[in-house]
Each structure stands twice: as C-alpha cells, then as structure tokens.
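Quick notes on the structure that follows.
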Amino acid sequence: MSAAGLPEHTAVIAGKNVATGQWIDVLDPSNARPVARIARCGPPEVHAAVEAARHTYETVWRFTDPVERSRLCRRIAEVLREEREELARLETLDTGKPLGQARTDADVAARYFEFYANAVESLGGETIQQRPDRLAFTLREPYGVCGHIIPWNYPLQIAARTLAPAIAAGNCCVLKPAEDAPLTPLRLAALAERAGLPAGVLNVVPGYGEGAGAALAAHPGIDRIAFTGSREVGELVMAAAARTIVPVTLELGGKSPQLVLPDFDAERAVPQLVEAITEHAGQNCSAGSRLLVHRSVHADLVAALAERFAALRIGPGAEDPDMGPLISAKQRARVLGHLAQGARDARVVVGGKVPEGEAYAEGFYVEPTLLDGVAPHHRVFNEEIFGPVLCVTPFDTLDEALALAEHTTYGLAAGVWTSDVTTAHWLAQRLRVGQVFVNDYGAAGGVELPFGGYRRSGIGVEKGTEALREYTRCKTVAIRSGSPAPSAPC
Ligand code: NAD
C-alpha cells in the first residue's frame with residue numbers, strides 16, 4: 001500500500017515482486033480518481049525479465065512434456081473462472097467498461113487457456129515423402145522467449161489471447177501491459193502462479209511505452225514479439241524487430257465497415273449495429289465504425305439507430321450501464337477532436353458531445369454519436385476514432401459499396417447484412433479484411449476464430465489454432481538410413 005492507501009503493484013520477474021522506486025498512478029475512468037499504483041519499469045527491469053524468461057526456458061520450460069503444459073493451462077483456466085467476479089470488477093475499475101462486459105472478458109480469458117490447453121495436445125509436424133533411404137519430418141518448436149506488448153482496451157482478454165498459445169506451445173513470456181489499464185494482466189500473472197505455472201514462465205513489466213515497451217521490443221534476448229495496439233507504435237515495434245531479425249505479430253487498428261443491403265433483416269441487424277460501435281464505448285479495434293447503407297433503406301435505418309443511441313444508458317461501469325466512460329482524459333480529448341471535425345463535415349444526428357449533468361462531471365464520458373452524410377474524403381471516414389462514433393455513408397450499387405469499404409487503409413473486419421447468399425459470398429470473397437461476418441457482427445469472444453488484420457491493420461494471426469502455429473517455428477529433420485539396410489530382424 002502507498003502512503004495514500006493505494007494498492008501498489010510491482011513488476012513480476014522470476015516469480016518475485018520487483019519494485020523500481022518509481023510509480024505510475026492508475027485512474028478509475030468513471031471519476032478520474034487514482035485506484036492503484038504500478039511500478040514504472042525501464043530497461044533494467046526489462047533486461048532482468050528477459051534473462052529470467054531465458055533461464056526458465058532453457059532449464060525448465062522447453063523440456064516440459066506438452067501434456068504437463070496442457071494441464072497447467074487448464075488449471076489456469078479453472079483459477080480464472082474461480083476468480084471471475086474479482087477479475088471482472090478489477091477490469092471495470094481499471095478500464096471503465098460495464099461490469100457485464102468485464103464478466104465476459106473474464107470468461108473469454110479462461111477460455112483462451114482452456115482452448116490452447118486442448119489444442120497443444122494435438123500440435124505436431126508432418127512427415128515428408130522423399131527418397132526411400134531418407135526419413136524426413138518437421139517439428140513445431142517454441143521460439144524461446146516471447147515479448148508481448150498489449151493495449152488498454154481489453155487488457156485481460158488480450159493478455160490471455162497472446163499469452164495462452166505462447167505458454168502452451170512452450171515459450172516463456174515477458175508481458176508489458178498498458179500504463180492506462182495494467183491491473184488485470186498483473187492479477188493474471190499472480191493467478192497463473194497460484195495455478196502452478198513455474199516462476200519465470202510469465203514475467204510482467206508494467207510501465208510506459210517509451211520506457212518498458214521500447215526496451216522490450218528492442219531487447220536482443222527476445223525471440224519473437226507480439227504487439228497489439230496502434231498503427232503508429234506498431235511501426236516502431238516492427239522497426240525494432242528488424243534490427244534483431246525476429247518475427248512480429250502486429251494486431252493494429254481498424255475502421256471496419258458494416259455493409260447493409262436493401263434486403264437486410266432490420267430486426268436482427270439494428271441491435272448488433274448499435275452494439276458493434278458502443279461496446280466498451282467504441283474502444284474496440286474491430287468496432288463497426290462505418291455504416292455503408294443502401295440508399296433505399298438509409299433514412300429508415302438512420303432513424304432506427306438514432307432512437308437506440310438516444311436511449312442508451314451511460315454511467316460508471318460498476319453500475320453495468322449500456323456504455324461506460326472512455327479510458328482517459330487524453331482519449332476523450334482525441335474523440336472530441338474528431339467529433340468537432342465530423343460536425344463540420346457531416347450531420348450530427350444524435351450525440352456529439354460530453355453528456356450533461358453532475359454524474360458525468362468527473363469521468364471521461366462522451367455521448368454515443370451518429371454522424372450521417374460522411375463522405376470518403378472526410379477525416380472521420382478514414383481515421384480510427386476509437387470512441388462511440390458511427391459514420392454513415394449511403395451507396396447505390398454493390399461496386400460502390402465495395403469501393404467505399406476499401407477506401408481506408410485498414411482491413412481488420414467487416415459486416416455484411418443481406419438475405420441473399422450470392423451477394424454475401426461475392427462480398428466475403430472480395431473484402432480485404434481478416435474477418436467477415438454475415439448477418440452477425442463481432443467475434444463474441446471468438447477464441448476459436450483466427451483473427452488478424454489485412455493491409456495496415458497488421459501482420460500475423462492471433463486466436464484459433466492458427467495462433468499456436470504462430471508461436472512455434474518449423475524445424476525440418478532428415479535422417480538417412482544406414483547402408484546396406486539390415487537384412488535380418490535383430
Ligand atoms: P498504443 O499503441 O498507444 O499502446 C499499445 C501498447 O504499446 C501499450 O502497452 C503502450 O505502452 C505500448 N507502447 C507505446 N509506445 C511504445 C513504444 N515506443 N515502444 C513499445 N511499446 C510502446 O495503443 P493503445 O492506445 O493502448 O490501444 C489502442 C489501439 O490498439 C487502437 O489503435 C486499437 O485499434 C488497437 N487494438 C488492436 C487490437 C487488435 O487485435 N487488432 C486489439 C485492441 C486494440
């Protein structure tokens with residue numbers, strides 16, 4: 001505890017709590033008050049964490065039976081489930097998201113460990129047909145030490161998403177959580193230890209991006225880097241990885257389109273279109289932030305959405321409203337900047353400002369906002385806002401819809417709303433995005449569904465069995481048989 005009575009969280013290196021003497025306050029986004037302090041790590045702590053991970057990998061983890069790794073991951077899932085409510089409340093306190101959404105995050109985090117516990121048991125290479133006197137096969141081997149840098153929007157889910165396949169596959173990890181929401185990743189490390197994970201398999205170095213994050217990305221002892229966050233920082237991480245020649249996964253931003261055709265099912269679509277942009281106040285990489293709607297149904301759909309947006313309950317996450325605050329004052333200022341520009345370029349149908357009233361005075365709230373008549377040359381059409389802002393653009397033809405969808409440089413996800421399977425298929429084939437949902441939107445946890453951006457939304461894949469392959473590399477073994485071949489049974 002700090003002198004002010006705040007819980008203090010240090011780095012976790014080789015199973016030990018390591019303080020740095022410097023602290024960062026963690027704020028509750030619903031009222032801007034500090035709720036905890038985390039150690040501010042820098043290059044020395046990152047170096048110690050990488051060394052600890054290396055030592056554990058070389059002496060313990062790489063020789064662990066996959067069945068044992070699987071058992072430990074399943075045990076971690078069980079412990080996460082036992083602590084579901086505590087984790088959810090911590091996530092809400094830290095990120096501001098509604099409690100119901102945080103409970104889902106805790107469930108999904110447990111599912112990641114369970115899924116990779118199962119998947120690793122059937123991980124294997126292949127045999128290769130070659131000359132009769134040669135036996136050739138491939139092995140899937142762990143990389144060794146993986147660095148993981150994660151953002152603040154889904155800290156618990158994303159920590160589990162990136163750590164579970166890496167650990168199950170036999171890697172040791174150094175995790176750098178986001179400075180704005182580090183509490184559940186730190187708690188996850190403590191719970192993993194309680195589940196029996198050997199010290200040093202999972203090390204956590206909280207701190208700022210320029211300090212701990214940059215040191216981790218550039219560390220020569222790292223064999224692989226997984227980064228989830230903004231495109232700008234993704235570029236820096238990739239440049240650092242280029243200097244040490246290590247593979248990177250980059251899970252970056254998006255500006256995901258929802259394409260609504262005249263024959264769509266409004267009853268099914270409308271609630272999901274709203275949820276896709278208001279879940280965690282739109283701070284979601286695959287938020288459905290652009291609505292591309294056929295002109296024949298445009299006016300009715302905008303009216304239906306406006307009604308829903310206006311009825312959404314906004315409030316502190318702990319009260320489980322429809323929408324909580326944004327993560328920080330900085331993020332709110334960013335979103336409000338986009339809204340000011342959007343109001344100059346397009347028509348604000350509903351929302352567009354900070355909600356009025358005493359209840360919203362201290363937290364980082366913004367109204368859910370519908371902008372209509374957004375054109376492809378507008379900034380809000382192209383840039384990721386990362387807030388509860390839906391940009392509406394009408395179209396007349398399927399080709400035009402596709403061109404609008406492709407107009408941004410992102411390619412994370414897309415939704416297609418139509419009753420015609422041929423149209424759905426035509427669009428799903430052509431959209432340059434990593435995930436296409438038809439008459440549905442969002443992975444809803446989607447632990448089993450591979451997820452990775454096309455174009456500037458990233459490189460590589462997380463989730464599903466694909467991720468297990470990403471955290472292993474391929475070694476080929478070719479064995480020449482003796483000559484002459486044995487003629488009699490021994
Ligand atoms: P961010 O890029 O600012 O920060 C992400 C992480 O990188 C944080 O831990 C931060 O401390 C660290 N960091 C910052 N500077 C660094 C540096 N120079 N070197 C190394 N690390 C550094 O992103 P954010 O604001 O935390 O998150 C929002 C972004 O994340 C959005 O663009 C969103 O779309 C994206 N995101 C993508 C996915 C996905 O799976 N594709 C998921 C969630 C969020």
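Order of appearance sets the numbers: ligands from 1, and atoms from 1 within every ligand.
- Scanning the protein heavy atoms around atom 27 (O) of ligand 1, the nearest turns out to be P151 CB, 3.3 Å.
- We find that R473 and D223 are not joined by a salt bridge, their nearest charged nitrogen and carboxylate oxygen being 4.0 Å or further apart.
- Contact annotation: for E462 versus ligand 1, there are no heavy atoms closer than 4.0 Å.
- Shown in contact with I158 at under 4.0 Å from a heavy atom are these atoms of ligand 1, numbered in order with element: 42 (C), 43 (C).
- Close approach of ligand 1 to N153 is summarised as follows: ligand atoms under 4.0 Å from at least one heavy atom of the residue are 43 (C), 44 (C).
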Practice task
Decide side-chain contact (heavy atoms from CB on, under 4.5 Å) for L183 and I38; before the verdict, give the C-alpha distance in whole Å, the side-chain angles of both, and the deciding distance to 0.1 Å.
Solution key: CA-CA 8 Å; L183 299 184; I38 53 160; 4.3 Å; yes
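- Ligand 1 does not have I327 within reach: every non-hydrogen atom of the residue lies 4.0 Å or more from it.
- In this structure, the protein non-hydrogen atom closest to atom 35 (C) of ligand 1 is G229 O, 3.2 Å.
- Counting the atoms of ligand 1 from 1 in the order shown, those under 4.0 Å from a heavy atom of R161 are 39 (C), 40 (O).
- Annotation: atom 39 (C) of ligand 1 to nearest protein heavy atom, C285 SG, 3.3 Å.
- Atom 28 (C) of ligand 1 has F386 CE2, 3.5 Å as its closest protein atom, hydrogens excluded (heavy atom only).
- Interface atoms of ligand 1 facing T228, defined by a heavy-atom separation under 4.0 Å, are 5 (C), 37 (C), 38 (C), 39 (C), 40 (O), 42 (C), 43 (C).
- Protein heavy atom closest to atom 41 (N) of ligand 1, with residue, atom name and distance, is L252 O, 2.7 Å.
- The proximity of F451 to ligand 1, defined as any non-hydrogen pair under 4.0 Å, is limited to the side chain.
- Interface of G209 with ligand 1, defined as ligand atoms under 4.0 Å from a residue heavy atom, comprises 11 (O), 12 (C), 13 (N), 14 (C), 15 (N), 16 (C), 17 (C), 19 (N), 20 (C), 21 (N), 22 (C).
- Scanning the protein heavy atoms around atom 1 (P) of ligand 1, the nearest turns out to be S230 OG, 3.6 Å.
- Neither the backbone nor the side chain of S286 comes within contact range of ligand 1; no heavy atom lies under 4.0 Å.
- At a distance under 4.0 Å, a protein heavy atom can be found next to atom 7 (O) of ligand 1.
- Contacts of I150 with ligand 1, taken as heavy-atom pairs under 4.0 Å, involve the backbone alone.
- Interface of L236 with ligand 1, defined as ligand atoms under 4.0 Å from a residue heavy atom, comprises 18 (N).
- Using a 3.5 Å distance cut-off with no hydrogens or angles, the side chains of R456 and T409 do not pair a donor with an acceptor.
- The closest approach between a heavy atom of F227 and any atom of ligand 1 is below 4.0 Å.
- Below 4.0 Å from some heavy atom of G253 lie the following atoms of ligand 1, by number and element: 32 (O), 34 (O).
- Atoms of ligand 1 lying under 4.0 Å from at least one heavy atom of G213, given by number and element, are 19 (N), 20 (C), 21 (N).
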